[in-house]
Amino acid sequence: MFALVDAVAFYASAEKVFDPAIRHKPVVVLTNNDGCICAVCPIARQLSIPKFQPYFKIKRYLEHHDVVVRSSNYELYADLSERMMTVIGRFCDDHYVYSIDESFLRFSGFSKVISDWADYGQVIRRAVWRETGLPVGVGFGPTPTLAKAANHAAKKLFGYNGVAVINDDKSRCEILSKMAVTDVWGIGSRLGNKLKQLNIQTALDLANQNPKAMRRMFSVVVERTVNELNGVACLTWDEVKQNKKEIFSTRSFGERITDITPLKAALVTHAAIVARKLRRQHSLTKRIVIFAASSPHEEVYYKKSMLYDFITPTSDTRVIAKAVSEVINTLYKPDTRFYRCGIGAIELESEYFYQTDMFNKSADNPKIMTCIDTINNRYGVGALSIGSEKLTQKWAMRRAFLSPHYTTRWSDIPVIDCD
DNA sequence: TCTGGGGTCCTAGGACCC
DNA sequence: TCTGGGGTCCTAGGACCC
């Protein structure tokens with residue numbers, strides 16, 4: 001049995017945890033640079049606020065309906081996420097954090113102990129609520145795709161109260177028949193449109209297709225989805241937990257940049273983020289892509305990207321930052337209004353099977369990196385960083401509606417006034 | 001006045017080489 | 001006279017997810 005646990009409108013719910021005044025109000029959270037709406041709480045959802053619309057386009061509508069608007073407080077969300085995942089982890093024998101607010105759980109042998117999965121789901125919900133103040137939905141299913149579907153039912157369909165279980169054909173058909181095909185994990189709007197032309201409307205319609213025919217018409221991914229919807233496991237636990245094959249860090253700037261110094265500072269910061277992510281999954285990269293670009297909405301669009309190959313694969317922040325120094329002059333173009341930049345590690349290999357080079361000594365120093373990671377894990381990311389990250393903060397993101405860092409900054413800790 | 005997220009994986013098509 | 005294969009690498013863009 002698998003389960004998928006995720007938070008209801010995570011960012012918006014996180015904003016409500018330490019701010020009782022907005023708990024019963026419509027709340028939305030914006031993406032980086034206050035660009036788009038990315039989270040809509042259930043109360044705000046009733047106002048049919050669309051996700052991923054540019055904020056400035058619906059600003060007036062939000063004001064008119066007295067909607068509380070917040071910038072992304074990533075420091076707060078990351079910390080609450082970690083607490084939430086720690087609680088969830090207690091209830092299964094293995095779990096995999098799939099994104100900041102969702103986690104796959106695996107239960108092997110639990111069926112002998114647990115007679116009622118729905119009850120068990122409520123136990124998990126109550127524990128997370130009690131210990132973090134976050135509302136979560138829980139979906140159980142015999143395959144990861146069905147667990148995802150049950151999770152959808154738990155949160156969106158009437159009568160489930162936050163927990164749904166698929167454990168026989170009746171519950172499976174019941175839930176899948178009420179789900180649109182585009183609510184299935186892996187079926188987006190494009191595939192959805194094509195499927196609708198074949199009169200495949202609901203998730204159950206899709207489940208009833210011939211898997212081989214689906215493969216011929218679409219892809220092996222759709223075939224796998226059909227099988228999974230029928231309880232035939234195609235994604236093994238190891239595949240669900242697989243390491244990333246590419247790791248990117250990209251960001252748009254708070255304001256357009258024309259100087260080379262802030263561009264370099266931003267890219268070195270991305271180098272540090274990518275290297276940290278690589279180390280976390282015990283990977284090294286042989287090749288990275290470094291890019292900078294103007295806004296695609298600009299009249300003349302400028303984008304330059306460069307590949308950089310390392311002689312020996314690396315996950316060392318300093319080595320990747322040095323690559324930035326080497327290419328920055330080629331990337332930079334004077335009088336260009338840079339809008340975003342980033343770095344991606346695109347050819348990864350495991351650090352456990354590292355092949356040394358006979359003629360070139362690796363510049364990596366794992367001990368220094370481990371030391372930096374340990375300090376940053378304890379005192380916060382950025383406590384220790386590469387000097388050129390700090391050259392300037394001119395590129396920092398815009399966050400006009402930022403809430404306090406309640407859990408990660410001493411000065412922001414909530415105070416209860418007892419008078 | 002002007003504003004438009006970020007991450008991962010996959011594939012089609014072009015360039016180049018033998 | 002005219003025809004014409006197959007592999008690798010790179011890039012851009014599509015698709016999906018949250």
Side-chain angles (χ1 to χ4, degrees), chain A residues 4 6-14 28-40 50-60 69 71-72 74 77-78 81 97-104 137 144-145 148 151-152 155 181-195 218-222 224-225 235 239-240 242-256 266 270 273-274 277-278 281 283 286-291 293-299 301 303-309 337 339-348 397-400:
Chain A
L4 184 84
D6 75 347
V8 177
F10 179 56
Y11 289 4
S13 297
V28 300
V29 179
L30 308 179
T31 56
N32 284 332
N33 291 321
D34 299 336
C36 294
I37 307 268
C38 71
V40 180
K51 271 212 227 174
F52 302 110
Q53 280 285 309
Y55 167 58
F56 73 91
K57 285 190 179 173
I58 45 173
K59 191 174 168 194
R60 297 205 44 188
V69 176
S71 303
S72 277
Y74 192 75
Y77 310 150
S81 168
V97 178
Y98 175 69
S99 74
I100 190 161
D101 81 317
E102 59 189 322
S103 191
F104 277 105
T145 306
K148 263 274 201 189
N151 176 277
H152 177 268
K155 294 193 306 180
V181 72
T182 44
D183 291 328
V184 173
W185 191 29
I187 307 293
S189 61
R190 286 302 181 92
L191 269 172
N193 282 337
K194 287 179 191 165
L195 290 168
F218 301 102
S219 67
V220 61
V221 182
V222 179
R224 200 175 64 194
T225 301
L235 286 168
E239 279 165 337
V240 173
Q242 216 170 39
N243 276 343
K244 301 276 183 285
K245 294 172 182 162
E246 293 180 350
I247 291 175
F248 273 77
S249 175
T250 74
R251 204 116 312 172
S252 51
F253 305 118
E255 51 188 73
R256 302 289 191 267
H270 292 306
I273 293 170
V274 166
K277 287 188 188 174
L278 284 168
Q281 69 166 34
S283 291
K286 269 191 296 201
R287 159 173 282 189
I288 57 172
V289 55
I290 308 175
F291 78 91
S294 67
S295 166
H297 306 288
E298 205 104 340
E299 297 235 329
Y301 181 48
K303 180 177 177 182
K304 178 100 179 168
S305 68
M306 303 201 56
L307 294 172
Y308 188 98
D309 288 297
R337 282 159 46 84
Y339 163 72
R340 61 194 285 262
C341 71
I343 289 185
I346 53 174
E347 252 175 66
L348 310 192
M397 61 182 152
R398 206 164 46 230
R399 293 197 287 185

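All values below come from the heavy atoms of this structure, side chains included, with hydrogens, waters and symmetry mates left out. Quick note on labels: first sequence line is chain A, next is B, and so on, each numbered from 1.
- With DNA chain B read from its 5' end, the first of the two nearest nucleotides for A/Asn243 and A/Arg337 is the one closest to A/Arg337.
- For A/Ile288 against A/Ala345, the heavy-atom pair with the smallest separation is CG2-CA, 4.0 Å.
- Proximity of a side-chain donor or acceptor of A/Ser72 to a complementary backbone N or O of A/Leu30 within less than 3.5 Å is detected.
- Counting non-hydrogen atoms under 4.0 angstrom, A/Ser189 reaches the backbone sugars and phosphates but no base.
- Among the atoms of the strands shown, only primed sugar atoms or phosphate atoms (P, OP1, OP2) are found under 4.0 Å from some heavy atom of A/Asp101.
- Comparing the P positions of B/dC17 and C/dG4 gives an interatomic distance of 22 Å, to the nearest angstrom.
- At a threshold of 4.0 angstrom between heavy atoms, the contacts of A/Gln53 with the nucleic acid are absent.
- Base pairing annotation: B/dA12 forms a Watson-Crick or G-U wobble pair with C/dT11, both donor-acceptor distances under 3.5 Å.
- A 4.0 Å heavy-atom criterion places the boundary nucleotides of DNA chain C facing chain A at C/dC10 to C/dC18, written 5' to 3'.
- A/Leu30 comes within 4.0 angstrom of no nucleic acid atom, judged by non-hydrogen atoms across all strands.
- Listed by chain and number, the residues in a side chain to side chain donor-acceptor pair (under 3.5 Å) with A/Ser71 are A/Asp34 (sequence neighbours excluded).
- When heavy atoms are screened at a 4.0 angstrom cut-off, A/Val184 is found touching the sugar-phosphate backbone but no base atom.
- Listed for the A/Ser13 side chain is a donor-acceptor partner under 3.5 Å among the backbone atoms of A/Val8.
- No contact: A/Ser219 has no heavy atom under 4.0 Å from any strand.
- Of the possible donor and acceptor atoms, one in the side chain of A/Asn151 sits under 3.5 Å from a partner among the backbone N and O of A/Gly137.
- Along DNA chain B, the nucleotide nearest to A/Phe253 and the one nearest to A/Val220 differ in position, and the one closer to the 5' end is contacted by A/Phe253.
- The backbone N or O of A/Ser252 lies less than 3.5 Å from no partner atom in the side chain of A/Arg340, so there is not a single donor-acceptor pair.
- Shown here, B/dC18 forms a base pair with C/dG5; the pair counts as Watson-Crick or G-U wobble because both key distances fall under 3.5 Å.
- If you check every strand for non-hydrogen atoms under 4.0 Å, A/Gly342 touches nothing.
- At a threshold of 4.0 angstrom between heavy atoms, the contacts of A/Phe10 with the nucleic acid are absent.
- A search for side chain to side chain donor-acceptor pair (under 3.5 Å) contacts involving A/Ser99 returns A/Asp101, A/Glu102, not counting sequence neighbours.
- Heavy atoms of A/Ile247 sit under 4.0 angstrom from primed sugar atoms or phosphate atoms, though from no base atom.
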